[in-house]
Amino acid sequence: MSIKILNQDLINQIAAGEVVERPASVVKELVENSIDAGAQNISIEIKNGGINLIKVSDDGAGMNREDAELSIKQHATSKLATTEDLYRINTMGFRGEALASISSVSQFKLITKDNESVAGTIVEIVHNDCNIREIGSPVGTSIEVADLFYNVPARQKYLKTAVTEFNHVVDLFLNFCLAYPEINWKLIHNDKPVYQFPVTDIKTRIADVLGEEVSKNLIEVNFHINEMTVKGVIGKPQIARHNRNLQFLFVNKRPVNEYIVAKKIKDAYSTLISKDLFPVYILNLSVNTDKVDVNVHPRKLEVRFSEPQIVYRTVYSAVSSSLDEHDLVKNISPTDKNFMPLGKVMQQKFSPTAEDKSKQNHFSSSSGNALSNQIMQFSKKILDHDAVSQGGLSDSPAAPGNIHSPFDSPTPSPSLQQTVETGMTENQEIIDFNILGQIQNSYILVEVWNGIRIYDQHAVSERLQYEKIKRQWRIGKLSSQKLLLPNNIELTVAEARALSDNKIVLERLGFEISELSGNTFAISAVPQFLINSDIKEVVLEITGGFTEDFVADDTISEPLNKIFNMMSCRSAIKFGDELSEDGMRALINDIERVEDNKAKYTCVHGRPCVIEHTFDDLRKMFHR
């Protein structure tokens, strides 16, 4: 096969494959041109997620007819002149290939006018036919991109749904809004205004985009060293999120993905946030243009630093010192309060007295105490080993080595309500067992016919809750409970969008949520087993699990399974919860009734629910 020189249309389409991935890619290239043109007002209008139409209009410098004709040629630009300019880039765009690439895979229209021209210029490209003529127009540029990938079916079939593509556009739009508060931004979707952010200062813009609750829990960062400035804000630990959606990083005001910088920022928080949380930040790194290469990614989403270690150390120092210098006490809103379920209010009115509870739950059995005392030291040895492997006992407030017999404790278990409803009485046991006691309010010690078993009460309860959630989901909807007063929560723009897009899922999970104003929602009912949880934190964690390909059907997908895992962990009996004999017996009976034998003896994280030592094991350990 001989080598051939490709025709210009094919060259442009190949270039488009690198530059234009989806509608958001087109928006990015056009908005960057508007910023470089010095626009003070930028309007983005899209239809059907940008698949049918993308229109970006600005009041920037505009172009005369000659420049308009050249702008659609490949590698035609006003931003570079020499090779040295490539290593001192001060503009958002620079390659001069965006318009040529975009116009080769769409129905393209450009209208522009500069201050010195009497009339504007319109450039239309339809089915690769170019038509250029004069037109009346204000100063600035307006570009329409219709029917994206109409002539490249192989690329078109990889586009997602209109909702997903729209969400990608919104994410990009919010990045630019945060980077450029000095510009008036407008986003329109399907002829309806979605967002409009007027010119303002960065603090107000952050409040407009991320909400008041986030904005009032931010710490200012202004750090200059090594000819580099780190400026912006970082979030206090209490507003850390379960995903990276509230992490905005800019290099010389260019939105970028820099994973090592993100890791250094999280490292600076150290133990202030847990490993599964991500800090909130909006940071701009001002670096000399000759020390950063922006020409390393086709869509300019990544950069390369000439001295990366200096950059990483500087970012770490900036974040760490800012955290050290500021008060990290949680800022409580007047509306932050615990809401009590209606049923609990009525229960308190008619609840039994402490004396009644003591009479109902007092147990007496000398034989149980005797047996418990006989194996106390040995079981402590086993449990100490188990605690080292799981890290569980260190979290318990109980004294080390403290073993509670259910017959010594008159205190009933408040967690009995959290066990799965089995319809069983105490005599309907799956296995024969004798409860010996509760160790450090964390482990249940049980005698069975062939030895002893040690149940991890949290792991057992977590598995039971997971099976209950899964069963109710497949039936239709999780059981919910009304709140006495609605719990109002304020979300960021992105979080509110995720909640609105997946409201049906949340309702099926047992929530009743209504939209108030802006990004504020009222929660009037929650899943019954999460009634004592931090409702906002739960909602944030659930919405954080809504990926772009999330599907809520009877099939339990991986994202949905993660939500189930979180809900079961939050609602499970905790280490340190003292249980009555009834509570312990119910847990053991319920876990033994789980039909899935493969899963019943591990929690949702894969840790064991129970450890067994047979009498043969005991004889060997005691050298008998």
Side-chain angles (χ1 to χ4, degrees), residues 362-411 413 424 426-464 573 575-594 596-603 605-624:
H362 184 72
F363 300 102
S364 58
S365 173
S366 58
S367 60
N369 281 322
L371 183 55
S372 179
N373 291 330
Q374 286 177 7
I375 65 170
M376 184 194 315
Q377 295 304 321
F378 175 67
S379 58
K380 178 180 181 297
K381 181 177 180 180
I382 297 173
L383 268 295
D384 286 343
H385 179 271
D386 184 42
V388 172
S389 65
Q390 294 192 44
L393 288 181
S394 60
D395 295 332
S396 174
N402 183 20
I403 301 181
H404 294 286
S405 167
F407 310 109
D408 294 333
S409 174
T411 307
S413 169
M424 294 174 58
E426 289 186 18
N427 295 325
Q428 292 177 296
E429 295 174 351
I430 303 301
I431 61 170
D432 291 329
F433 63 90
N434 180 29
I435 296 177
L436 303 176
Q438 185 186 20
I439 303 172
Q440 289 201 336
N441 291 344
S442 302
Y443 298 95
I444 302 170
L445 189 61
V446 171
E447 178 190 17
V448 292
W449 70 274
N450 63 335
I452 61 171
R453 289 185 178 184
I454 305 163
Y455 289 85
D456 180 328
Q457 66 187 42
H458 175 71
V460 170
S461 179
E462 188 176 78
R463 168 55 62 182
L464 292 173
I573 295 169
F575 267 29
D577 285 351
E578 186 174 349
L579 306 181
S580 67
E581 182 190 21
D582 286 344
M584 289 184 275
R585 190 174 299 280
L587 277 179
I588 296 169
N589 279 328
D590 288 345
I591 195 64
E592 295 298 338
R593 292 190 61 175
V594 173
D596 188 350
N597 288 324
K598 186 177 179 180
K600 68 189 293 182
Y601 293 127
T602 61
C603 73
H605 304 101
R607 292 189 291 267
C609 291
V610 58
I611 294 175
E612 182 178 276
H613 292 276
T614 67
F615 287 125
D616 286 340
D617 294 334
L618 299 180
R619 281 192 287 269
K620 289 176 183 177
M621 296 178 73
F622 283 99
H623 304 290
R624 290 187 177 274

| request: Begin with the C-alpha distance, continue with both residues' side-chain angles, and end with the deciding distance and a verdict on salt bridge (charged side-chain N to carboxylate O under 4.0 Å, His left out) for Asp582 and Arg585. | output: CA-CA 5 Å; Asp582 286 344; Arg585 190 174 299 280; 5.4 Å; no
When rounded to the nearest 0.5 angstrom, what is the spacing between [atom1] in [X] and [atom2] in [Y]?
X	Y	atom1	atom2	value
Lys620	Asp616	NZ	CG	6.0 Å
Tyr443	Met584	OH	CE	15.5 Å
Ser442	Ile454	OG	CD1	12.5 Å
Ile591	Leu464	CD1	CG	4.5 Å
Ile588	Ile435	CD1	CD1	4.5 Å
Ile452	Glu447	CD1	CD	9.0 Å

Test item: [X] and [Y] side chains (from C-beta on) under 4.5 Å apart, heavy atoms:
X	Y	value
Cys609	Asp456	no
Leu445	Gln438	no
Leu587	Ile444	yes
Ile573	His458	no

| Does Asp617 have any salt bridge (charged side-chain N to carboxylate O under 4.0 Å, His left out) partners at least two apart in sequence or in another chain, and if so, which? |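 None.
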| query | For Arg624, which residues count as a salt bridge (charged side-chain N to carboxylate O under 4.0 Å, His left out) partner, sequence neighbours excluded? | reply |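 Checked Arg624 against salt bridge (charged side-chain N to carboxylate O under 4.0 Å, His left out); zero matches.
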| message | Evaluate Val610 against Tyr455 for side chain to side chain contact (heavy atoms under 4.5 Å, CB included), listing each step before the verdict. | response | CA-CA 4 Å; Val610 58; Tyr455 289 85; 3.8 Å; yes
| message | Please check: side-chain N/O of Gln457 versus main-chain N/O of Asn441, any donor-acceptor pairing under 3.5 Å? | response |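 Looks like yes, one N/O pair under 3.5 Å.
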| said: For His605, give me all partners under side chain to side chain contact (heavy atoms under 4.5 Å, CB included), at least two apart in sequence or on another chain. | reply: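 Partners of His605 by the side chain to side chain contact (heavy atoms under 4.5 Å, CB included) criterion, ordered by chain and then number, come out as Glu462, Cys569, Cys603, Arg607.
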| field | Stepwise side chain to side chain contact (heavy atoms under 4.5 Å, CB included) check, Arg453 with Ile611 | value | CA-CA 6 Å; Arg453 289 185 178 184; Ile611 294 175; over 6 Å; no
| field | Shortest non-hydrogen separation from Phe615 to Val448 and the atoms involved | value |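 That closest heavy-atom pairing would be CE1-O, 4.1 Å.
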